[in-house]
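Structure record follows, encoded as structure tokens.
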Amino acid sequence: MKILLIDGTIIGSKTGAVLEQVKIYIEQLNDELTLEIIKLADFNHQFVDGRPLGEYNDDMRRLVREFEEADGYVLATPIFQGSIPGVLKNAFDMLHPRTMRYKPVSIVANGGTFQHHLVIENQLKPILDYFRCLVTPNYVYTTSSHFGEGNIITDEDVHDRLRELARVFVQYVEMSKHLSKDTIDQP
């Protein structure tokens with residue numbers, strides 16, 4: 001099964017550092033999963049304005065294909081100005097509503113203050129609910145205080161929470177294997 005680990009920003013490196021650690025923990029639990037990290041910074045983004053997919057550039061079409069071909073996702077996002085980055089929301093806007101349906105998703109995020117963790121609850125989870133994702137109940141939120149030099153995670157509690165997130169995510173991946181992606185509301 002292909003799992004897409006998405007670095008949902010075009011700047012900064014803490015989000016990517018957390019994502020790399022999650023990847024290690026998932027690999028320790030299940031080495032049969034194909035884990036692929038994609039960085040939104042590596043794509044030439046266009047503003048999504050409702051035109052047909054074929055009218056967007058190659059990078060935007062490739063981004064959609066990556067999402068469509070994945071069997072699960074770990075989303076990593078910074079919190080900027082009390083919100084998810086516009087580039088991440090723009091990526092979601094490219095996707096067909098059934099793209100992520102009944103596929104497992106775990107969330108890791110980081111921000112400048114502890115209060116910004118509520119962005120996950122108030123913004124990101126409703127988007128994922130719209131896509132009818134299988135969102136794991138645990139997410140991990142970090143702040144700058146959890147990192148040392150070179151963006152190394154120095155907080156043991158964060159490591160414990162990331163290991164637990166990986167454990168639950170792997171179980172959701174197993175569960176999703178037995179769920180039909182077909183729905184009764186198809187045209």
Side-chain angles (χ1 to χ4, degrees), residues 1-24 26-27 33-112 116-117 119-120 122-135 139-144 147 150-153 162 165 169 173 181:
M1 295 184 77
K2 179 181 174 181
I3 306 302
L4 206 57
L5 295 98
I6 302 152
D7 187 344
T9 185
I10 57 173
I11 62 169
S13 56
K14 283 184 177 60
T15 303
V18 176
L19 201 58
E20 290 283 349
Q21 191 62 61
V22 171
K23 182 178 186 277
I24 291 167
I26 291 173
E27 288 171 335
L33 297 175
T34 302
L35 304 176
E36 179 183 345
I37 291 180
I38 66 166
K39 299 176 182 185
L40 294 186
D42 294 338
F43 291 81
N44 178 18
H45 295 273
Q46 291 178 286
F47 185 74
V48 176
D49 56 13
R51 68 188 120 142
L53 179 62
E55 293 182 20
Y56 289 93
N57 66 27
D58 290 342
D59 272 2
M60 295 300 281
R61 291 193 307 268
R62 181 169 56 98
L63 183 60
V64 169
R65 275 193 313 278
E66 291 281 357
F67 271 88
E68 289 173 343
E69 294 171 359
D71 299 300
Y73 314 89
V74 177
L75 292 174
T77 183
I79 306 301
F80 296 135
Q81 304 293 346
S83 185
I84 64 173
V87 69
L88 180 57
K89 177 61 169 87
N90 196 60
F92 286 140
D93 288 345
M94 283 292 296
L95 303 178
H96 186 281
R98 292 190 180 103
T99 299
M100 300 171 72
R101 183 170 281 192
Y102 306 137
K103 295 179 183 180
V105 179
S106 279
I107 302 165
V108 295
N110 63 297
H116 281 156
H117 80 277
V119 170
I120 296 168
N122 296 328
Q123 293 180 20
L124 195 50
K125 281 187 172 182
I127 293 169
L128 297 173
D129 285 345
Y130 168 77
F131 283 112
R132 297 184 188 171
C133 299
L134 301 176
V135 181
Y139 58 84
V140 176
Y141 179 81
T142 61
T143 66
S144 298
F147 295 86
N151 288 329
I152 302 296
I153 301 168
L162 289 173
L165 178 130
F169 179 76
V173 168
K181 304 306 184 257

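Counting begins at 1 with the first residue of the sequence. Side chains included, hydrogens not; waters and symmetry mates left out as well; all remaining heavy atoms used. Note that this is a predicted model, so its numbers are computed, not measured.
- Of all heavy-atom pairs spanning Gly111 and Tyr141, the tightest one is CA-OH, 3.2 Å.
- At least one donor-acceptor pair under 3.5 Å links the side chain of His45 to the backbone N or O of Leu40.
- Distance check, rounded to the nearest 0.5 Å: CD1 of Ile79 to OG1 of Thr143 gives 12.5 Å.
- With 3.5 Å as the limit, one finds a donor-acceptor pair spanning the side chains of Asp49 and Tyr56.
- The minimum heavy-atom distance linking Leu63 with Ala91 is given by the pair CD2-CB, 3.9 Å.
- No side-chain N or O of Thr15 forms a donor-acceptor pair with one of Asp7 less than 3.5 Å apart.
- Side-chain contact between Leu35 and Ile26 is present, with at least one heavy-atom pair separated by less than 4.5 Å.
- Under the 4.5 Å side-chain criterion, counting only non-hydrogen atoms from C-beta, Leu75 is in contact with Leu128.
- Minimum heavy-atom separation, Val173 to Met1: CG1-SD, 3.6 Å.
- Considering every non-hydrogen atom in both Pro85 and Pro78, the closest pair reads CD-O, 3.3 Å.
- Interatomic distance, CD of Glu20 versus CD1 of Ile152, reported as 10.5 Å (0.5 Å rounding).
- With rounding to the nearest 0.5 angstrom, the CZ atom of Phe43 is 9.5 Å from the CE atom of Met60.
- Judged by distance alone, with hydrogens and angles left aside, the side-chain atoms of Asn44 form no donor-acceptor pair with the main-chain N or O of Asn57 at under 3.5 Å.
- In this structure, Gln123 and Ile84 approach most closely via the heavy-atom pair OE1-N, 3.3 Å.
- Distance check, rounded to the nearest 0.5 Å: CE of Met94 to CD of Gln46 gives 8.0 Å.
- With respect to the salt-bridge test (charged N to carboxylate O, under 4.0 angstrom), the residues Lys125 and Asp129 do not qualify.
- Here the straight-line distance linking atom CD1 of Ile6 with atom OG1 of Thr9 works out to 13.5 Å at 0.5 Å rounding.
- Between Phe131 and Phe92, the ring planes are tilted. Angles from 30° to 60° get that label.
- Note that the CG atom of Leu124 and the CD1 atom of Ile107 stand 4.5 Å from one another [nearest 0.5 Å].
- Between Phe169 and Tyr73 the shortest heavy-atom distance is CE1-O, 3.3 Å.
- Inter-residue side-chain proximity for Tyr139 and Val108 is flagged as unmet; no heavy-atom pair is nearer than 4.5 Å.
- More than 12 heavy atoms of other shown residues, nucleotides or ligands fall within 6.0 angstrom of atom CD1 in Ile127.
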Given the rule in the side-chain contact (heavy atoms from CB on, under 4.5 Å) test, do Val105 and Met100 qualify, once you have shown the distances and angles that lead to the verdict?
CA-CA 9 Å; Val105 179; Met100 300 171 72; 4.1 Å; yes
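- Classification of Lys2 and Glu66 as a salt-bridged pair holds, one side-chain N sitting under 4.0 Å from a carboxylate O.
- Contact check for Leu19 versus Lys39: no side-chain heavy atoms found under the 4.5 Å cut-off.
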